[in-house]
Asker: 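The following block contains the structure, expressed as structure tokens.
Just the heavy atoms: all of them, side chains too, but no hydrogens, waters or symmetry mates, feed the values below. Worth saying up front: this structure is predicted, and the values here are computed from it rather than measured.
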Amino acid sequence: MFCTVYVLLLLALPAGWVAHPLTERLDPRSATWLLTATAATLAAASSAGLLLLALTGLLRTHTAAALGHWSLRVLRNGTPGTGLVSPLAGAALVTAAVATAGTLRCRVRAQRTAAREAARLPTRHGLSVAEDPSAEAFAVPGSTTSAGPGGRVVVSTGMLAALTPEEVSVLVAHERAHLHARHHWFVMTAQLAATANPLLRPLARHVSYTVERWADEEAALATGDRRRVARTIGKAALARQRTAVRTCAPHGVLRLTGPSASAGPVPRRVAALLAPPHRGVRAQPLVPALTTLLVATALLCCADAAHDVHRLLQLAHESTGY
């Protein structure tokens with residue numbers, strides 16, 4: 001059992017290694033779904049591993065054996081070497097749970113605050129305009145209705161001054177793609193997974209990148225001009241850097257320029273838009289297959305470890321004496 005539990009805790013490492021090639025070889029929509037599902041599954045699997053390690057420590061106590069009518073001798077023989085590991089696993093599990101709950105609370109509070117502030121802004125051509133010289137543009141998700149996903153696109157006067165009307169239309173298409181596809185849920189899920197298991201932070205960073213790429217491709221489809229979208233992203237990033245003294249963007253929103261306008265994600269996005277679009281999972285099957293294998297391994301390890309614990313309890317119950 002213990003080998004499979006330790007495998008559960010370490011599977012996030014190879015997942016981080018395959019995340020970058022996956023974002024380069026898959027279309028952004030497929031990459032976002034696959035990375036988010038992988039992060040959520042591995043976070044749940046590592047938490048299950050910690051829970052099983054903590055549980056084995058509790059099973060070695062006289063109180064647990066008496067309550068469950070189990071043989072203490074069988075339980076201790078079946079869980080060797082857990083004297084120090086179990087309390088550490090329990091402490092790690094509690095810490096991860098508290099941190100994840102705190103992150104979720106902060107994210108929800110930030111989104112509610114952003115929605116209230118965006119609702120107070122004046123509107124212009126369907127946009128919420130913030131009087132601010134810093135160049136900012138971001139999507140604020142709202143409640144989903146029968147007409148579709150709600151939310152607002154907020155643009156600062158600094159960003160409107162930096163872009164032409166044609167480029168503003170690209171900006172609007174990009175931010176509305178975030179709202180329509182509910183990208184904030186993908187980003188939040190990946191960040192919660194990374195909070196539960198810090199080894200998953202590379203996956204969370206790549207999800208933040210792929211949702212921006214996804215919105216880029218939707219904007220290119222809406223405008224019919226990939227080069228214009230690439231030019232707008234680069235121009236907006238430069239404008240944001242020039243006016244980066246302060247920002248009107250709340251924490252946790254999805255910006256046109258992404259989490260950072262510095263060198264790295266923005267040039268990659270521009271280069272991707274200037275290249276032919278990806279054709280989906282079938283065109284590059286190897287990396288998605290490896291990622292799927294990691295998820296399947298995590299699920300199998302969970303099932304195997306849980307089966308071993310169940311079998312141990314059965315043997316302890318069937319044995320006589322303590």
Asker: More than 12 non-hydrogen atoms from neighbouring residues, nucleotides or ligands closer than 6.0 Å to CZ on Arg228, yes or no?
Answerer: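 Yes.
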
Asker: Tell me, with the steps shown, if Leu171 and His174 meet side-chain contact (heavy atoms from CB on, under 4.5 Å).
Answerer: CA-CA 5 Å; Leu171 178 151; His174 176 100; 5.7 Å; no

Asker: State, with a plain yes or no, whether a side-chain heavy atom of Leu294 is found less than 4.5 Å away from one of Pro14.
Answerer: yes

Asker: Can you find a heavy atom in the side chain of Val187 that is under 4.5 Å from one in the side chain of Arg107?
Answerer: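 The answer is yes, as the side chains (C-beta and beyond) meet within the 4.5 Å cut-off.
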
Asker: Taking Ala99's backbone N and O only, do any of them form a donor-acceptor pair with Thr195's side chain (distance below 3.5 Å, no angle check)?
Answerer: no

Asker: Please find the pair of heavy atoms, one from Ala193 and one from Ala39, that lie closest to each other, and give the distance.
Answerer: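 Where Ala193 meets Ala39 most closely, the heavy atoms are CB-O, 3.4 Å.
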
Asker: Has the side chain of Ser128 got a donor or acceptor atom that lies under 3.5 Å from a matching backbone atom of Thr123?
Answerer: no

Asker: As a quick check of understanding, evaluate side-chain contact (heavy atoms from CB on, under 4.5 Å) for Val108 and Gln111, giving each step before the final call.
Answerer: CA-CA 5 Å; Val108 172; Gln111 288 189 0; 5.9 Å; no

Asker: Working to the nearest 0.5 Å, report the span between CZ of Arg269 and CD of Glu217.
Answerer: 10.5 Å

Asker: Applying a strict under-4.5 Å side-chain criterion to I, L, V, M, F, W and Y, I'd like to know whether Val85 and Leu93 cluster together.
Answerer: yes

Asker: Please lay out, stage by stage, how His184 and Leu179 fare under the test side-chain contact (heavy atoms from CB on, under 4.5 Å).
Answerer: CA-CA 8 Å; His184 60 287; Leu179 296 175; 5.9 Å; no

Asker: Here's a test for you: under side-chain contact (heavy atoms from CB on, under 4.5 Å), which of Thr38, Thr291, Leu35 qualifies with Val18?
Answerer: Thr291

Asker: Could you measure the distance from the CZ atom of Arg213 to the OG1 atom of Thr32? Nearest 0.5 Å is fine.
Answerer: 9.5 Å

Asker: Under a 3.5 Å distance rule, please check whether Arg226 uses its side chain to pair with a backbone N or O of Pro276 as donor and acceptor.
Answerer: no

Asker: Grab the two heavy atoms, one from Thr157 and one from Pro133, that are nearest each other, plus how far apart they are.
Answerer: OG1-N, 4.3 Å

Asker: Could you tell me how the ring of Phe186 sits relative to the ring of Trp33: parallel (under 30°), tilted (30 to 60°) or perpendicular (over 60°)?
Answerer: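 Correct class here is perpendicular.
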
Asker: Closer than 3.5 angstrom, by distance alone: can the side chain of Glu175 be matched with the main-chain N or O of Ala139 as a donor-acceptor pair?
Answerer: yes

Asker: Before you tell me yes or no, could you show the steps for Thr56 and Ser86 under side chain to side chain donor-acceptor pair (under 3.5 Å), namely the whole-Å CA-CA distance, both residues' side-chain angles and the distance that decides it to 0.1 Å?
Answerer: CA-CA 7 Å; Thr56 57; Ser86 293; 3.3 Å; yes

Asker: Could you report the tightest heavy-atom contact between Ala237 and Val266, atom names first, then the distance?
Answerer: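 Heavy atoms only, the tightest pair is CB-CG1, 3.9 Å.
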
Asker: In the single-linkage hydrophobic clustering (I, L, V, M, F, W, Y; side-chain heavy atoms under 4.5 Å), do Leu55 and Leu50 co-cluster?
Answerer: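 They do share one cluster, since a chain of ILVMFWY contacts under 4.5 Å joins Leu55 to Leu50.
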
Asker: Which hydrophobic side chains are connected to Leu199, either touching it within the sub-4.5 Å cutoff or through other members that do?
Answerer: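 The other cluster members (ILVMFWY side chains, heavy atoms under 4.5 Å, direct or chained) are Leu10, Leu13, Trp17.
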
Asker: Report yes or no: do Leu221 and Val229 belong to one cluster of Ile/Leu/Val/Met/Phe/Trp/Tyr joined by side chain heavy-atom distances under 4.5 Å?
Answerer: no

Asker: Tell me, with the steps shown, if Asp225 and Thr223 meet side chain to side chain donor-acceptor pair (under 3.5 Å).
Answerer: CA-CA 5 Å; Asp225 191 339; Thr223 61; over 6 Å; no

Asker: If I take atom CZ from residue Arg227 and atom CG from residue Leu274, how far apart are they, to the nearest 0.5 angstrom?
Answerer: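 The CG atom of Leu274 is 5.5 Å from CZ of Arg227, to the nearest 0.5 Å.
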
Asker: Is it true that Leu299 and Leu293 fall in one hydrophobic cluster, defined by side-chain heavy atoms closer than 4.5 Å?
Answerer: no

Asker: Flag the pair His20 / His206 as yes when their ring centroid distance falls below 6.0 Å, and as no otherwise.
Answerer: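 When the ring centroids of His20 and His206 are compared, they turn out to be within the sub-6.0 Å range.
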
Asker: Show the numbers, then the answer: is there a side-chain contact (heavy atoms from CB on, under 4.5 Å) between Leu160 and Arg124?
Answerer: CA-CA 11 Å; Leu160 291 176; Arg124 187 187 307 175; 3.8 Å; yes

Asker: Rounded to the nearest 0.5 Å, how far apart are CG of Leu203 and CG of Leu22?
Answerer: 8.5 Å

Asker: Atom CG of Leu52 and atom SG of Cys302: how far apart are they, to the nearest 0.5 Å?
Answerer: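 With rounding to 0.5 Å, CG (Leu52) is 7.5 Å from SG (Cys302).
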
Asker: Is the shortest heavy-atom distance from the side chain of Leu104 to the side chain of Met188 under 4.5 Å?
Answerer: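 They are in side-chain contact.
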
Asker: May I ask you to check whether Thr23 and Arg268 show a side-chain donor-acceptor distance below 3.5 Å?
Answerer: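 Short answer, yes.
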
Asker: Roughly how far, to the nearest 0.5 Å, is the CG atom of Leu273 from the CD1 atom of Ile233?
Answerer: 5.0 Å

Asker: Considering non-hydrogen atoms only, spot the tightest contact between Leu163 and Ala236 and give its length.
Answerer: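 Leu163 and Ala236 have their closest heavy atoms at CD2-N, 4.4 Å.
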
Asker: Taking all atoms of both residues into account, what is the closest heavy-atom pair of Asn197 and Ala12, and its distance?
Answerer: ND2-CB, 3.8 Å

Asker: For Ala96 and Ala196, which heavy atoms make the closest approach, and how far apart are they?
Answerer: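 Looking at all heavy atoms of both residues, the closest pair is CB-O, 3.6 Å.
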
Asker: Identify whether Leu192 and Val295 are in the same connected component of the hydrophobic contact network (ILVMFWY, side-chain heavy atoms under 4.5 Å).
Answerer: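 Cluster IDs for Leu192 and Val295 differ.
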
Asker: Tell me, please, which residues at least two apart from Leu313 pass side-chain contact (heavy atoms from CB on, under 4.5 Å).
Answerer: Leu59, Trp70, Leu75, Val309

Asker: In terms of side-chain heavy atoms, does His183 have a donor or acceptor partner in Glu212 at a distance below 3.5 Å?
Answerer: no

